[in-house]
S.K.: 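To start, I am sharing the structure in question, which I have written as structure tokens.
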Amino acid sequence: MTQGDLGDISGLRARPWRSALYIPGSKERALEKAKTLACDAILFDLEDAVAPDEKPTARAVLAQSLQAGGYGARAKIVRVNGFDTPWGRDDVAAFAGLDVDGILLPKVNDAAMVEELAQAIPDVPLWAMMETPLGCLNALEIAAHPRMAGFVLGTNDLAKDLGARFRADRLPLMTGLQMCLMAARACSIVALDGVFNAFKDDEGLRAECEQGRDMGFDGKTLIHPAQLEIANAVFGPTQAEIDLARRQIDAFEAALARGEAVAVVDGKIVENLHVASAKLTLAKAEAISALRV
Ligand SMILES: CC(C)(COP(=O)(O)OP(=O)(O)OC[C@H]1O[C@@H](n2cnc3c(N)ncnc32)[C@H](O)[C@@H]1OP(=O)(O)O)[C@@H](O)C(=O)NCCC(=O)NCCSC(=O)C[C@H](O)C(=O)O
Ligand SMILES: [Mg+2]
């Protein structure tokens with residue numbers, strides 16, 4: 001088994017999504033700085049991080065910046081304003097035909113909102129902010145839209161709508177997070193966890209990243225460059241995990257050659273489902289290494 005032999009793992013999820021940094025579309029300095037930052041994805045924001053008076057300028061500045069390029073291998077996703085605002089449709093029109101990897105629609109409640117976006121912009125993969133109670137309840141139909149590529153959890157809006165208080169264990173948000181995650185996994189799309197607002201609290205960020213990783217999220221959305229290192233470390237496979245994945249795959253292949261369907265590694269059984277996870281781990285590691293080339 002070599003790292004290149006990755007079976008039929010979905011390309012979308014094999015790509016690294018450890019860190020997805022929001023950048024206000026109005027901040028030219030931050031747009032420039034992002035070209036040097038170690039983030040796997042950039043969420044160029046025209047919604048909540050941009051003041052109403054600034055919206056048209058931010059749209060123009062961002063479109064120009066994307067046209068100029070320079071963002072390398074980072075996934076480029078534009079968060080537009082909703083279609084129930086004065087800016088949403090103009091935002092979408094401004095990015096049609098530009099080199100972007102996705103358009104992210106905020107406050108998605110149902111598949112009809114996704115279809116409205118799909119009609120407005122052909123070809124580009126679509127992403128949904130999952131941040132309303134109705135959106136969480138309709139997560140499966142949203143994830144199942146044929147153009148849907150990924151969910152971004154909006155934990156601030158969700159907490160607001162639920163009337164939930166901030167808790168380090170995120171217990172009040174857990175049902176919503178898991179409904180979205182299950183829908184994303186059922187439809188093989190990407191799922192990115194919400195932001196951690198206290199961008200100077202490294203310990204709190206690490207704990208929340210670990211929680212999101214252990215739940216199954218592909219990565220964390222971030223608001224400040226200082227958060228990148230922790231998210232990249234927590235969501236990337238460790239060397240021990242990579243070594244174990246290789247040993248599991250090798251042991252399982254040896255078992256198959258003997259006509260058996262179960263191998264044992266480190267005193268634990270390895271079956272075909274564990275091999276699928278091991279291959280995903282290697283695919284992620286390979287994709288992360290490729291970023292450094
Ligand atoms: C939080 C901030 C307002 C802090 O900004 P600032 O005070 O300028 O930070 P620093 O002085 O520490 O910045 C140091 C340098 O880093 C650059 N910088 C800062 N933030 C970013 C960024 N996000 N991306 C790229 N570069 C960034 C500064 O330009 C400085 O650079 P230099 O001068 O060259 O050294 C600010 O970080 C910020 O605005 N963050 C993003 C906020 C945002 O996007 N919010 C909306 C998304 S969150 C959300 O909506 C969640 C969801 O919808 C929900 O419901 O939960
Ligand atoms: Mg929000």
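One-based numbering, in listed order, for ligands and for the atoms of each.
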S.K.: Identify, by atom number and element, the atoms of ligand 1 in contact range of M129, meaning under 4.0 Å from any of its heavy atoms.
M.R.: 52 (C), 53 (O)
S.K.: In the protein, what heavy atom is nearest to atom 14 (C) of ligand 1, and what distance, to one decimal place, separates them?
M.R.: H224 NE2, 4.0 Å
S.K.: From F196 CZ over to R206 CZ, what is the distance, rounded to the nearest 0.5 angstrom?
M.R.: 12.0 Å
S.K.: Can you find a pair of side-chain heavy atoms, one from V108 and one from V114, that are under 4.5 Å apart?
M.R.: yes
S.K.: Quick one: does ligand 1 sit under 4.0 Å from the side chain of A34, the backbone, both or neither, non-hydrogen atoms only?
M.R.: neither
S.K.: Thinking salt bridges, do D266 and K268 make one under a 4.0 Å N-O criterion?
M.R.: no
S.K.: Note the single closest protein heavy atom to atom 34 (O) of ligand 1, along with its residue, its atom name and the distance in Å.
M.R.: R29 NE, 3.1 Å
S.K.: Using the six-membered ring of F44, assess whether NZ or CZ of R79 lies under 6.0 Å from its centre and within 45 degrees of the ring axis.
M.R.: no
S.K.: What atoms in ligand 1 come closer than 4.0 Å to a heavy atom of L21?
M.R.: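 Contacts of ligand 1 toward L21, numbered from 1: 23 (N), 24 (N), 25 (C).
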S.K.: Would you check whether K27 reaches within less than 4.0 Å of ligand 1, judged by its heavy atoms?
M.R.: yes
S.K.: Within the 4.0 Å heavy-atom shell around N156, which atoms of ligand 1 are there?
M.R.: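 Close to N156: 54 (C), 55 (O), 56 (O).
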S.K.: Please indicate whether any nitrogen or oxygen in I223 is less than 3.5 Å from any nitrogen or oxygen in ligand 1.
M.R.: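 There is such a contact, yes.
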S.K.: What I want to find out is whether K107 reaches D48 closely enough, with some N-O distance under 4.0 Å, to be called a salt bridge.
M.R.: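 Answer for the salt bridge query: yes.
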S.K.: Check whether any heavy atom of P24 sits under 4.0 Å from an atom of ligand 1.
M.R.: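 Yes, that is the case, since the closest heavy atom of the residue is under 4.0 Å from the ligand.
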S.K.: Are K76 and Y71 in a cation-pi setup, meaning NZ or CZ lies under 6.0 angstrom from the ring centre and within 45 degrees of the ring axis?
M.R.: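 Judged by the rule (NZ or CZ under 6.0 Å from the ring centre, within 45° of its axis), K76 is not positioned above Y71.
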S.K.: Do ligand 1 and R79 have nitrogen or oxygen atoms that lie under 3.5 Å from each other?
M.R.: yes
S.K.: Strictly less than 4.0 Å: does any protein heavy-atom distance to atom 27 (C) of ligand 1 fall in that range?
M.R.: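 Under the 4.0 Å cut-off, atom 27 (C) of ligand 1 does have protein heavy-atom neighbours.
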S.K.: So for P225, does at least one of its heavy atoms come nearer than 4.0 angstrom to any atom of ligand 1?
M.R.: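 Contact present.
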S.K.: If the test is side-chain contact (heavy atoms from CB on, under 4.5 Å), which one of V275, V265, V262 qualifies with F252?
M.R.: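 Exactly one option meets the side-chain contact (heavy atoms from CB on, under 4.5 Å) with F252, and it is V275.
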S.K.: What I want to check is whether the side chains of T132 and D161 have a donor and an acceptor closer together than 3.5 Å.
M.R.: no
S.K.: Is D45 touching ligand 1 with its side chain, its backbone, both, or neither, if touching means heavy atoms under 4.0 Å apart?
M.R.: side chain
S.K.: Please name the pair of heavy atoms, one in A231 and one in K220, separated by the smallest distance, quoted to 0.1 Å.
M.R.: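 Between these two residues, the closest heavy atoms are CB-CB, 4.3 Å.
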S.K.: Under 4.0 Å from atom 44 (O) of ligand 1, do we find at least one protein heavy atom?
M.R.: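 Looking at atom 44 (O) of ligand 1, one finds that a protein heavy atom does lie closer than 4.0 Å.
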S.K.: Going by the angle between their ring planes, with limits at 30° and 60°, are F199 and H224 parallel, tilted or perpendicular?
M.R.: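 Plane angle under 30°, so parallel.
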S.K.: Are any of the N or O atoms of Y22 closer than 3.5 Å to those of ligand 1?
M.R.: yes
S.K.: If we count only non-hydrogen protein atoms and require a distance under 4.0 Å, does atom 8 (O) of ligand 1 qualify as touching the protein?
M.R.: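 For atom 8 (O) of ligand 1 the answer is no, since every protein heavy atom stays at 4.0 Å or beyond.
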S.K.: Under 3.5 Å, N or O to N or O, is T155 touching ligand 1 that way?
M.R.: yes
S.K.: On a heavy-atom basis, I'd like to know which of E28, K33, Q227 is closest to atom 17 (C) of ligand 1.
M.R.: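 Nearest option to atom 17 (C) of ligand 1, by heavy atoms: K33.
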S.K.: Sum up the protein N, O or S atoms located under 2.8 Å from the Mg ion (ligand 2).
M.R.: 2
S.K.: Around atom 1 (C) of ligand 1, find the nearest protein heavy atom and jot down its residue, atom name and distance.
M.R.: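 Result: F199 CE2, 3.6 Å.
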S.K.: Let's go through L104 and V80 carefully: what are the C-alpha distance in whole Å and the side-chain angles of both, what is the deciding distance for side chain to side chain contact (heavy atoms under 4.5 Å, CB included) to 0.1 Å, and is it a yes or a no?
M.R.: CA-CA 6 Å; L104 172 61; V80 296; over 6 Å; no
S.K.: Taking D40 first and then K284, would you say they form a salt bridge - that is, a charged N and a carboxylate O separated by under 4.0 Å?
M.R.: no
S.K.: State the atoms of ligand 1, each with its element, that fall below the 4.0 Å cut-off from a heavy-atom position in A49.
M.R.: 43 (C), 44 (O), 45 (N), 46 (C)
S.K.: Using a 6.0 Å distance limit plus a 45 degree cone around the ring axis, check whether R89 lies over the aromatic ring of W87.
M.R.: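 Relative to the ring axis of W87, which defines the angle, R89 lies outside at least one limit.
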S.K.: Quick check on contacts: which atoms of ligand 1 are under 4.0 angstrom from a heavy atom of E131?
M.R.: 52 (C), 53 (O), 54 (C), 55 (O)
S.K.: Between Q227 and I230, is any pair of side-chain heavy atoms under 4.5 Å apart?
M.R.: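 They are not in side-chain contact.
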S.K.: Is it the case that N138 and N109 place a side-chain donor and acceptor less than 3.5 Å from each other?
M.R.: no
S.K.: Report yes if the side chains of N232 and I288 come closer than 4.5 Å at any heavy-atom pair, otherwise no.
M.R.: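 A side-chain contact under 4.5 Å is absent here.
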